[in-house]
Amino acid sequence: MKANRQAKILELIKKYEIETQEELSDYLEKEGFLVTQATVSRDIRKLKLTKMAMGNGKQKYVALLEADEDLSEKYARVFREGFVSMDMAQNILVIKTVAGMAMAVAAALDALQLPEIVGCIAGDDTIMCAIRSVEDTLSLMKYFEEMVKE
């Protein structure tokens, strides 16, 4: 029941511009979920909902996960725009970028929080990434090749 209710909450906040917990409770009741204010409050915390300003001066609930997905796409775009080539030396991945873009691309890689990457060091047009293993390096190279194709 809880999982269904929380899935419905995510669906409702995407469909409607919901400003308050009371409004959210009303929508849930229309969908057949009898909830208390405390339940809605717990669900909001659990789902990591936050309020986002709309152009009309009002606010609406959004899922932070959506914001994270948007940011991931922005970081991927930075990677694609700066990427020139890559090569590996065992578990070191060397990425060549457009001149002056290495720091931005390295910051984007760090922000993506890829578990295979231990850390990155960037110069002007070159990034050295320490990768956990040779297998992870090969896997990341395939992932980056696909990312660049998009």
Side-chain angles (χ1 to χ4, degrees), residues 1-84 86 91-93 95 97-98 100-125 127-133 135-150:
M1 187 69 169
K2 180 174 158 180
N4 291 341
R5 183 181 65 245
Q6 290 177 350
K8 182 56 73 176
I9 288 171
L10 291 172
E11 181 184 316
L12 289 168
I13 66 169
K14 284 183 181 180
K15 189 173 183 181
Y16 303 105
E17 294 177 349
I18 299 174
E19 288 188 86
T20 65
Q21 289 184 13
E22 184 178 313
E23 222 178 312
L24 183 55
S25 294
D26 291 345
Y27 277 109
L28 284 168
E29 286 180 19
K30 288 177 189 170
E31 296 289 333
F33 294 91
L34 298 177
V35 293
T36 64
Q37 185 275 331
T39 299
V40 171
S41 183
R42 278 191 300 272
D43 286 342
I44 286 170
R45 273 194 310 279
K46 175 73 175 168
L47 295 169
K48 296 183 180 172
L49 302 185
T50 188
K51 287 190 176 182
M52 181 178 88
M54 297 183 292
N56 59 7
K58 294 183 178 183
Q59 294 184 333
K60 70 174 186 172
Y61 280 110
V62 295
L64 281 179
L65 195 56
E66 289 176 19
D68 290 346
E69 289 170 5
D70 291 343
L71 284 177
S72 290
E73 180 49 39
K74 288 178 184 175
Y75 296 134
R77 189 170 53 249
V78 168
F79 179 84
R80 281 192 296 271
E81 290 175 3
F83 179 85
V84 172
M86 65 185 153
N91 67 320
I92 302 293
L93 178 61
I95 300 172
T97 70
V98 173
M101 286 288 293
M103 292 290 278
V105 172
L109 289 175
D110 288 341
L112 286 171
Q113 298 179 356
L114 300 168
E116 300 89 347
I117 298 177
V118 178
C120 297
I121 299 172
D124 182 58
D125 66 352
I127 304 166
M128 289 185 63
C129 298
I131 311 300
R132 296 197 185 280
S133 68
E135 295 79 21
D136 285 343
T137 306
L138 293 168
S139 172
L140 270 178
M141 289 178 77
K142 287 179 186 170
Y143 174 74
F144 292 149
E145 285 169 1
E146 290 300 314
M147 190 187 301
V148 171
K149 289 179 186 176
E150 291 178 5

inquiry  = Tell me every residue that passes ring pair (Phe, Tyr, Trp, His ring centres under 6.0 Å) with F79, counting only those two or more places apart in sequence or in another chain.
reply    = F83, F144
task = Applying salt bridge (Lys or Arg N to Asp or Glu O under 4.0 Å), run through E145 and K142 and close with a yes or a no.
result = CA-CA 5 Å; E145 285 169 1; K142 287 179 186 170; over 6 Å; no
message = Main chain of S133, side chain of T137: is a donor-acceptor contact present, judged purely on distance under 3.5 Å?
response = yes
task = Could you tell me whether the side chain of D43 and the main chain of Q6 form a donor-acceptor pair under 3.5 Å?
result = no
inquiry  = If you define the side chain from C-beta out and look only at heavy atoms, does anything of I44 sit under 4.5 Å from L24?
reply    = yes
query = By side chain to side chain donor-acceptor pair (under 3.5 Å), which residues pair with S139, not counting sequence neighbours?
reply = none
Closest non-hydrogen atom pair between I131 and V118, with its separation = C-CG2, 4.3 Å
inquiry  = Within the supplied structure, the quantity of interest is the number of heavy atoms (other residues, nucleotides, ligands) at a distance under 6.0 Å from I92 CD1; does it exceed 12?
reply    = yes
task = Taking the side chain as every heavy atom from C-beta outward, state whether M103 and I127 have any atom pair closer than 4.5 Å.
result = no
inquiry  = Which heavy atom of T97 sits nearest to which heavy atom of D124, and what is that distance?
reply    = OG1-O, 4.0 Å
request  = Just jot down the ring pair (Phe, Tyr, Trp, His ring centres under 6.0 Å) partners of Y16, sequence neighbours excluded, or say none.
outcome  = Y27
query = Side chains of K60 and M52: does their closest heavy-atom pair fall under 4.5 Å?
reply = yes
key: Pairing residues for E22 by the salt bridge (Lys or Arg N to Asp or Glu O under 4.0 Å) criterion, not counting sequence neighbours   = none
Note, L49 side chain near I9 side chain (heavy atom, < 4.5 Å) = yes
key: Derivation of the side-chain contact (heavy atoms from CB on, under 4.5 Å) call for V98 and D125   = CA-CA 6 Å; V98 173; D125 66 352; over 6 Å; no
note = Of all heavy-atom pairs linking A104 and V78, the shortest is O-CG1, 3.7 Å
key: Rounded distance (nearest 0.5 Å) linking atom NZ of K15 with atom CG of L10   = 14.5 Å
ask   = Is it true that a side-chain atom of R132 and a backbone atom of P115 form a donor plus acceptor pair closer than 3.5 Å?
value = yes
key: Working for side-chain contact (heavy atoms from CB on, under 4.5 Å), residues R5 and T39   = CA-CA 10 Å; R5 183 181 65 245; T39 299; 3.5 Å; yes
key: Main-chain N/O of E116 paired to D136 side chain as donor or acceptor, under 3.5 Å   = no
query = Cationic tip of K51 within the cone over Y61's six-membered ring, i.e. under 6.0 Å and within 45° of the normal?
reply = yes
ask   = By salt bridge (Lys or Arg N to Asp or Glu O under 4.0 Å), which residues pair with R80, not counting sequence neighbours?
value = E73, E150
inquiry  = Contact between M128 and C120 at the side-chain level, heavy atoms closer than 4.5 Å - yes or no?
reply    = no
message = Is any side-chain heavy atom of I117 closer than 4.5 Å to one of L93?
response = no
message = Just checking M86: does its CE atom have more than 12 heavy atoms from other residues, nucleotides or ligands closer to it than 6.0 angstrom?
response = yes
key: Any residue meeting salt bridge (Lys or Arg N to Asp or Glu O under 4.0 Å) with E19, in chain and number order, not counting sequence neighbours   = none
request  = Taking all non-hydrogen atoms of both residues into account, name the closest pair between E29 and V35 and its distance.
outcome  = OE2-O, 4.0 Å
